[in-house]
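Numbers restart at 1 for each chain; the letters A, B, ... are given by sequence-line order, proteins then strands.
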Amino acid sequence: MPIFLDRIMKYYQLIGPVKTEKGVSFEYVSECDKVDLDYLGHTVLPPKKFFFPPIEEMFAYEYDETGNLRIYDFLEEVSKGMRVIVGVKPCDISSLLVLDKVFTGEYNDPYYTTRRNNTLVVGLTCNKPKEYCFCTYVGSGPSIKKGFDLLLSDLGDMYLVEVGSEKGWKLTKFNLDIFNEAENEDIKERERILLEVEEEIRKKGLPNFATIDKVLVERFLDRIWDDYSRKCLACGKCNFTCPTCRCFTISDEPNPDLKSGKRFRIWDSCHFLSFTKVASGEVFRKDRPSRFKQRIYHKFVYSINEIGSISCVGCGRCIEVCPAKINILDVLKEVIVGGKSVSAKVS
Amino acid sequence: MVENPYLPKLAKIEAIKEETVDTRTFKIKILDEKVRNSFNFTPGQFVELTVFGYGEAPFSITSSPYEHENFSITVRRMGNVTRGLFRLKEGDIIGVRGPFGRGWPIEKIKGNDILIVGGGIGLAPLKPLIEYIILQRRLFNNVILFYGAKTPKDIIYKELFDIWKQYINVELTVDFAEKDWGGHSGPVTVLFKNFKLESNNIYSVQCGPPIMMHFVTRQLLSMRMEPEKIYFSLERNMKCGMGFCGKCMTGGRYVCREGPVFNYSEVKNFLETPV
Ligand SMILES: Cc1cc2nc3c(=O)[nH]c(=O)nc-3n(C[C@H](O)[C@H](O)[C@H](O)COP(=O)(O)OP(=O)(O)OC[C@H]3O[C@@H](n4cnc5c(N)ncnc54)[C@H](O)[C@@H]3O)c2cc1C
Ligand code: SF4
Ligand code: SF4
């Protein structure tokens with residue numbers, strides 16, 4: 001694999017999972033042996049940050065000497081160069097497919113779509129789930145059928161590589177000397193591993209989320225929400241680590257000369273009071289339950305109308321990072337069973 | 001490179017008119033001729049306006065849809081962006097994106113009676129509709145405008161009411177009357193005292209503070225107006241205008257792209273109560 005990555009780096013900027021103090025993180029890599037393809041579960045932040053960065057400069061403006069206003073579009077920077085991101089897990093691949101639907105349609109978000117078009121996705125299937133993984137229950141893994149240019153599976157002494165697109169095929173075509181034709185057994189071995197992962201995740205015994213939207217609609221005014229929102233610190237960590245959360249705010253920063261400045265967008269959180277504040281001072285989601293619910297109802301109810309599916313991909317990041325130890329699976333289980341009497345069996 | 005809908009198109013402030021102490025109407029001309037010519041809007045739509053150095057905010061287009069060289073917005077001074085805008089002079093450069101959103105249902109309301117209810121600056125998105133109706137007067141039946149403002153001094157478009165009265169019925173009220181105010185006083189709902197629903201062929205359109213729209217909607221429902229004929233324009237925090245930033249989402253719908261105009265039957269099953 002290092003040889004392949006090394007060759008990729010000759011033509012593309014490489015992004016991959018690397019070990020950091022805070023855990024495994026997707027970063028630009030300059031030495032391919034830093035790439036950690038053995039990481040368990042998910043990275044700290046999802047690959048989203050390479051398509052939709054936490055802070056993004058959109059454009060700059062400046063009055064020139066003649067007093068004319070000029071705008072410099074940072075999209076021009078974004079359009080330069082091609083990238084390959086390696087080691088993207090199925091849940092995160094699925095999340096990119098969610099974002100694709102959100103950021104296109106009647107309008108297209110050019111900052112996001114340009115980066116998507118500039119970047120090849122080399123996926124990586126899991127050999128083991130992590131503590132909070134639940135992809136199986138939301139249909140985003142551990143097998144994945146689309147959303148990658150190449151898909152790697154670690155079979156111990158080698159990687160099985162599935163080609164998912166024309167672009168992916170080109171990557172392998174020029175490197176055929178380091179590939180061998182896959183045997184049927186290799187494919188079967190991958191299936192066996194994925195089945196094992198799936199069975200491991202199934203042991204969590206979660207309820208079926210297929211009709212969760214209908215149940216949620218019925219329970220919008222349930223007491224459950226008061227209990228959870230009282231615990232919630234409204235810190236927004238669950239939004240910022242979620243691979244499908246994408247709300248943002250737009251802000252301007254003038255330079256001290258007052259003749260130039262920049263506009264940028266920044267990740268925002270529906271848990272923040274300011275999120276729905278209008279200039280009159282009115283806040284449309286003032287009480288905490290309404291804000292706590294917005295994330296969950298967007299993911300599991302509103303998304304169905306918006307993109308045709310729920311928008312949680314079961315990565316478990318929000319469970320792992322929540323300082324109040326709020327587990328979205330506990331919440332959903334409680335909603336389904338309806339009442340606080342259920343003890344949380346989910347780890 | 002792909003078209004970037006986030007980039008404001010440069011425009012010039014052609015004229016500024018004082019409406020009230022804190023409200024002004026800005027006449028705006030988009031600089032680029034091609035962009036200017038392709039700028040077509042439906043009454044009820046809005047633009048995202050950039051005041052360079054301050055930021056961007058949504059404002060309803062308030063000029064007649066028959067005006068082509070320029071368009072206007074009426075702005076109340078509130079915070080950062082609007083204060084920045086109030087510092088500008090005629091001839092200064094601003095940025096415009098849009099028009100965005102879904103406007104008033106003009107085709108649907110043709111041939112019907114129309115009750116227009118506005119509160120305060122909420123008259124701004126209704127003005128292009130009123131002007132459209134007046135220019136196409138024969139396409140509409142009885143048209144009534146109820147408008148409420150805080151005090152007589154807060155009434156916007158003062159000079160237009162006498163013109164409008166020649167074509168449609170106009171009733172004004174103010175929350176706090178002053179000595180020489182001869183008209184109604186109290187919230188807009190007081191104007192409903194003498195108002196009867198005479199047929200089913202009536203639509204209502206409204207824009208104003210949330211509390212006004214709440215009570216007017218309840219009033220109309222209690223008079224048995226059909227929910228799908230009660231239209232209003234919602235104000236939400238919105239940044240992009242295209243359904244991306246997520247801030248305006250209400251009951252799972254993007255107010256910027258799917259609204260800001262909705263009818264009551266569309267929103268009555270929203271989990272979050274929008275009016
Ligand atoms: C569809 C639509 C049409 C509109 N039409 C009109 C119109 O025709 N005329 C008109 O006058 N107004 C109109 N408005 C309202 C107008 O957009 C606001 O008055 C305007 O955004 C105020 O901007 P500002 O920067 O001056 O105010 P500010 O209060 O400075 O900024 C408003 C924005 O900044 C955020 N904000 C402000 N302070 C804080 C804080 N302390 N913490 C966090 N966030 C903060 C708010 O969330 C809000 O989004 C319309 C709004 C909408 C949605
Ligand atoms: S991470 Fe936990 S505490 Fe923070 S906003 Fe999300 S649910 Fe609330
Ligand atoms: S809601 Fe939680 S588990 Fe679902 S995709 Fe977002 S971070 Fe992952």
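- For B/Pro210, the part sitting under 4.5 Å from any heavy atom of chain A is the side chain, from C-beta outward, and nothing else.
- The side-chain tip of A/Arg263 does not point at the ring of A/Phe248 from less than 6.0 angstrom away and within 45° of straight on.
- If you measure heavy-atom distances from A/Ile71 to chain B, the contacts under 4.5 Å come from the side chain alone.
- Interface residue A/Phe220: only side-chain heavy atoms are found under 4.5 Å from chain B.
- Only the side chain of B/Leu10 comes within contact range of chain A, with heavy atoms under 4.5 Å apart.
- Proximity to chain B is limited to the side chain of A/Asn305, based on heavy atoms less than 4.5 angstrom apart.
- For the options A/Leu69, A/Thr276, A/Asp109, A/Val278, heavy-atom pairs under 4.5 Å to chain B are most numerous at A/Asp109.
- If you measure heavy-atom distances from A/Val283 to chain B, you find no contacts under 4.5 Å at all.
- For A/Phe59, the part lying near chain B is the side chain, with the backbone staying farther off; criterion is any non-hydrogen pair under 4.5 Å.
- Counting heavy-atom pairs under 4.5 Å between each of A/Lys262, A/Glu282, A/Glu253 and chain B puts A/Glu282 at the top.
- Contact count against chain B (heavy-atom pairs under 4.5 Å) is highest for A/Arg246 among A/Lys277, A/His298, A/Met58, A/Arg246.
- Proximity to chain A (any heavy atom under 4.5 Å) is shown, for B/Met238, by neither the backbone nor the side chain.
- Only the side chain of A/Tyr297 comes within contact range of chain B, with heavy atoms under 4.5 Å apart.
- Annotation: the span from A/Asn239 atom CG to A/Gln294 atom CD amounts to 9.5 Å, rounded to 0.5 Å.
- Residue B/Thr82: no heavy atom, backbone or side chain, is found under 4.5 Å from chain A.
- Within the 4.5 angstrom heavy-atom criterion, only backbone atoms of A/Asn108 (N, CA, C, O) approach chain B.
- A side-chain N or O of A/Glu77 and one of A/Tyr72 form a donor-acceptor pair less than 3.5 Å apart.
- Of all the listed residues (B/Ile93, B/Thr50, B/Thr250), the one sharing the greatest number of non-hydrogen pairs under 4.5 Å with chain A is B/Thr50.
- Only the side chain of A/Phe284 comes within contact range of chain B, with heavy atoms under 4.5 Å apart.
- Only the side chain of B/Tyr254 has a heavy atom closer than 4.5 Å to any heavy atom of chain A.
- Annotation: cation-pi geometry satisfied between A/Arg265 and B/Tyr6 (NZ/CZ under 6.0 angstrom from ring centroid, within 45° of ring axis).
- With respect to A/Glu56 and A/Arg115, a salt bridge is recorded, a charged nitrogen being found less than 4.0 Å from a carboxylate O.
- Between A/Trp267 and A/Phe52, the ring planes are tilted. Angles from 30° to 60° get that label.
- Ranked by heavy-atom pairs under 4.5 Å with chain A, the list B/Gly246, B/Gly252, B/Cys245 is led by B/Cys245.
- You'll find the ring centres of B/Tyr54 and B/Phe52 outside the 6.0 Å limit.
- Relative to the ring axis of A/Phe275, A/Arg285 does not place its NZ or CZ within 45° and under 6.0 Å from the centre.
- Both cation-pi conditions hold for A/Arg116 and A/Phe51: the charged atom is under 6.0 angstrom from the six-membered ring centre and inside a 45 degree cone around its axis.
- Residue A/Thr249 touches chain B through both its backbone and its side chain, counting heavy-atom pairs closer than 4.5 Å.
- Considering B/Val47, B/Asn70, B/Leu49 in turn, B/Leu49 is the only one that fulfils the side chain to side chain contact (heavy atoms under 4.5 Å, CB included) rule with B/Ile28.
- At a 4.5 Å heavy-atom cutoff, A/Ser260 makes no contact with chain B through either its backbone or its side chain.
- Looking only at distances, a side-chain donor or acceptor of B/Ser38 sits under 3.5 Å from a matching main-chain atom of B/Val35.
- Neither the backbone nor the side chain of B/Arg76 comes within contact range of chain A, judged by heavy atoms closer than 4.5 Å.
- For the 3.5 Å distance criterion, the side chains of B/Thr151 and B/Asp154 qualify, holding a donor opposite an acceptor.
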